[in-house]
Amino acid sequence: MPKILDLQTAEDSRDIVHRTVQALVEGQVVGVPTETTYTLAALALSTKGVEQLRMLANREIEAATANNNSGPNHHWMELSIRSRDGACDFVGTASSTLRRLLRRCWPGPLTAMVQCPEPFSALSQLPVGVHDQVVDKDGYVSFRVVDHSVLDQIHRYLSGPLVLASFQPDEGTEIATVAARMVEKYGDELPLLLDDGPTRYGGVTTVVRVSGNRWELLREGVIERAAMNQFVKPVIAVVCTGNTCRSPMAETLLREQLNKRTGCDDAVRVISAGVAASSGSGASPQAVAVMGSRGLDLTGHSSRPLDESVVNVADLILTMTRGHRAAILAAWPDMHERVFTLRRDGGDISDPVGMAVEVYEACADQINEELGKWLDSFGEDFFPTEIKSQE
């Protein structure tokens, strides 16, 4: 029977965290909760611990096969890292598709399989025996950033990542969503188990393999395919002041250009907002008229302020002026790599508010030209391509 430490009844989890860290550093395998399932964990810097983890995982599969029971048909090793930023140490310069997934899904129930640029990757710092366990035959490594407070605390005290055992269960297999299942599986072979009650999602992670702009859904788990299709999609936001003339016209014109270039209505999500906008205002009559003359409908526009819901999802924010860009960076300083003026020379798109329709026409022409320059600059990497798994 493993030593079970109950996180739910503990007055202070720090003692449990310290005991767990000590066990991991000593080369022991620990049963830990994640947001999806309970799993086996070992310190990636411990060859002894990872080898023991592998033996336990293999033994479960062999036992299920020998007893003709439904069980996992294979397992693989995942590297659990503390944060999205920590992934950069392993994957180097990530593709646009991978960056979107990591920004939108981590921490969370996503396993991302990527190739690492050795010998420049932190992967090369792992012991040889561990390295060979976590890299598959095609050179891919599975990464997770677990969304669970105790795993985050454990990572704080470790100098390297964790290795987790991930199972591919047969259909109908009961997965370990409570600690008792780990006791049933491993008994005395598991020296330490952390019990935090039923897992949050009660299902397995979604597994996706990414290479450049190409992505393949290997296992549909907690994150379903429909959601994955949205998570990989590029998001471009165009921003002005009140979100009633320049940015609504830019939003509409950008959608039209993207539709012509990609042949798809929703290859990219396009949104507009204003740094000083109220919610729910319509587009100005002049903007509606100018778009209408081009066969584009702006009558249903509803203004929105620029807020976290826009900033957090946008891959690219294009502002009408330098002042708009400065205001965004003052509020969100870490956005400097994603916020630019629409004019690629750094100049401003002047505000036509209150002026004649002819001024709006000239403004729309200028916006459309600058948008074309941005689209010309996008490489193939910007647009994700799904690879359908073979059935």
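FYI, side chains are in, hydrogens and waters are out, and symmetry mates aren't considered; it's all heavy atoms of this structure. Quantities reported herein were computed from a predicted structural model and do not represent experimental measurements.
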Apply side-chain contact (heavy atoms from CB on, under 4.5 Å) to residues Leu342 and Val238 and explain how you reach the verdict. CA-CA 8 Å; Leu342 174 58; Val238 284; 5.6 Å; no
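- Side-chain atoms of Leu24 and Ile154, non-hydrogen and from C-beta on, do get closer than 4.5 Å to each other.
- In terms of the salt bridge (charged side-chain N to carboxylate O under 4.0 Å, His left out) criterion, residue partners of Glu361 (sequence neighbours excluded) are, by chain and number, Arg294.
- Defined by atom type and a distance below 3.5 Å, a donor-acceptor pair is missing between the side-chain atoms of Asp381 and Asn213.
- In terms of modelled atom types and a separation under 3.5 Å, the side chain of Gln115 and the main chain of Asp138 share a donor-acceptor contact.
- Residues Leu45 and Leu123 share a single hydrophobic cluster, defined by chaining ILVMFWY side chains whose heavy atoms lie under 4.5 Å apart.
- Salt bridge annotation for Asp266-Lys233: present, with a cationic side-chain nitrogen under 4.0 angstrom from a carboxylate oxygen.
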Stepwise side-chain contact (heavy atoms from CB on, under 4.5 Å) test for Met113 and Phe143: CA-CA 6 Å; Met113 296 181 63; Phe143 291 98; over 6 Å; no
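- Counting only heavy atoms from C-beta outward, the side chains of Ser166 and Arg219 approach each other to under 4.5 Å.
- For the pair Gly49 and Val29, the tightest heavy-atom approach, listed with the atom from each and the gap, is O-CG2, 3.5 Å.
- Between atom OH of residue Tyr38 and atom CG of residue Asp195 there is a gap of 4.5 Å, rounded to the nearest 0.5 Å.
- Shown here for Ala273 and Asn243, the closest heavy-atom pair between the two residues is N-ND2, 3.5 Å.
- The closest donor-acceptor contact from the side chain of Arg325 to the backbone of Val339 lies under 3.5 Å.
- Salt-bridge annotation for Arg144 and Glu35: present, with a side-chain N of the basic residue lying under 4.0 Å from a carboxylate O of the acidic one.
- Side-chain contact check for Asp147 versus Arg200: some heavy-atom pair is nearer than 4.5 Å.
- A side-chain donor-acceptor contact under 3.5 Å links His148 and Asp196.
- Between Leu306 and Trp332 there is a side-chain heavy-atom pair separated by less than 4.5 Å.
- With Asp136 contributing its side chain and Tyr140 its backbone, the two residues share a donor-acceptor pair below 3.5 Å.
- With hydrophobic clusters built from ILVMFWY side chains whose heavy atoms lie under 4.5 angstrom apart, Val275 does not share a cluster with Val353.
- The shortest heavy-atom contact between Pro234 and Ala267 is CD-O, 3.5 Å.
- For the pair His324 (side chain) and Leu318 (backbone), a donor-acceptor distance under 3.5 Å is absent.
- Identified under the side chain to side chain donor-acceptor pair (under 3.5 Å) test for residues 279-288, with sequence neighbours left out: Ser278-Ser281.
- Counting only distance, with no hydrogens or angles, the side chain of Thr36 and the backbone of Val204 share no donor-acceptor pair below 3.5 Å.
- Within a 6.0 Å radius of CZ in Arg214, other residues, nucleotides and ligands contribute 12 heavy atoms or fewer.
- Remark: Arg100 fails to qualify as a cation-pi partner of Phe231 under the 6.0 Å distance and 45° angle criteria applied to the six-membered ring.
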Kindly determine whether Thr206 and Met228 satisfy side-chain contact (heavy atoms from CB on, under 4.5 Å), including the steps that lead there. CA-CA 9 Å; Thr206 294; Met228 287 298 300; 4.2 Å; yes
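- Note on Val313 and Phe383: separate hydrophobic clusters, where clusters join Ile, Leu, Val, Met, Phe, Trp and Tyr whose side-chain heavy atoms are under 4.5 Å apart, directly or indirectly.
- Formation of a donor-acceptor pair under 3.5 Å by the Ser13 side chain with backbone atoms of Ile16 is not found in this model.
- Judged purely by distance below 3.5 Å, without hydrogens or angles, the side chains of Thr37 and Thr39 never pair a donor atom with an acceptor atom.
- Side-chain contact check for Leu56 versus Gln52: some heavy-atom pair is nearer than 4.5 Å.
- Checking Glu78 against Ser142 by side-chain atom types alone, no donor-acceptor pair falls below 3.5 Å.
- Counting heavy atoms from C-beta outward, Ile367 and Met320 have side chains that approach closer than 4.5 Å.
- Closest non-hydrogen pair, Phe382 versus Val268, comes out as CE2-CG2, 4.4 Å.
- Side chain of Ser95 to backbone of Gly212: a donor-acceptor contact under 3.5 angstrom is found.
- You'll find the side chain of Ser80 stays beyond 4.5 Å of the side chain of Pro161, heavy atoms only.
- Pairs engaging residues 81-90 under the side chain to side chain donor-acceptor pair (under 3.5 Å) rule: Arg82-Asp152 [sequence neighbours left out].
- Counting heavy-atom neighbours within 6.0 Å of Glu184 CD, excluding the residue itself, gives a total above 12.
- Linking Ile, Leu, Val, Met, Phe, Trp and Tyr residues whenever their side-chain heavy atoms come within less than 4.5 Å leaves Tyr201 and Leu101 in two separate clusters.
- Under a 3.5 Å cut-off, the side chain of Ser121 and the backbone N or O of Pro117 do not form any donor-acceptor pair.
- Atom CD of Glu26 sits in a crowded spot, with more than 12 heavy atoms from other residues, nucleotides or ligands closer than 6.0 Å.
- Considering CG of Leu217 and CD of Glu224, their distance stands at 10.5 Å, rounded to 0.5 Å.
- Between Arg255 and Asp265 there is no salt bridge, since none of the side-chain N atoms of the basic residue sits less than 4.0 Å from a carboxylate O of the acidic one.
- Nearest heavy atom pair, residue Ser350 against residue Arg246, reads O-CD, 3.6 Å.
- In terms of hydrophobic clustering, with Ile, Leu, Val, Met, Phe, Trp and Tyr side chains grouped at heavy-atom distances under 4.5 Å, Ile349 and Val239 are assigned to different clusters.
- The aromatic rings of Trp374 and Phe340 are tilted relative to each other, their planes meeting at an angle between 30° and 60°.
- More than 12 heavy atoms of other shown residues, nucleotides or ligands fall within 6.0 angstrom of atom CD in Gln8.
- Using a 4.5 Å heavy-atom cutoff, the side chains of Met249 and Leu298 are in contact.
- A salt bridge links Asp315 to Arg104: one of the charged nitrogens lies within less than 4.0 Å of a carboxylate oxygen.
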Determine whether Asp376 and Arg261 satisfy the following criterion, salt bridge (charged side-chain N to carboxylate O under 4.0 Å, His left out), listing intermediate values before the conclusion. CA-CA 10 Å; Asp376 290 341; Arg261 293 188 183 222; 2.8 Å; yes
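- Judged by distance alone, the side chain of Glu220 and the main-chain N or O of Arg225 form a donor-acceptor pair under 3.5 Å.
- Closest approach of Ser309 to Arg304, counting heavy atoms only: OG-NH2, 3.4 Å.
- Under the 3.5 Å distance criterion, the side-chain polar atoms of His131 are left unmatched by any main-chain donor or acceptor of Pro127.
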Working for side-chain contact (heavy atoms from CB on, under 4.5 Å), residues Arg269 and Ile236: CA-CA 6 Å; Arg269 182 184 172 198; Ile236 301 175; over 6 Å; no
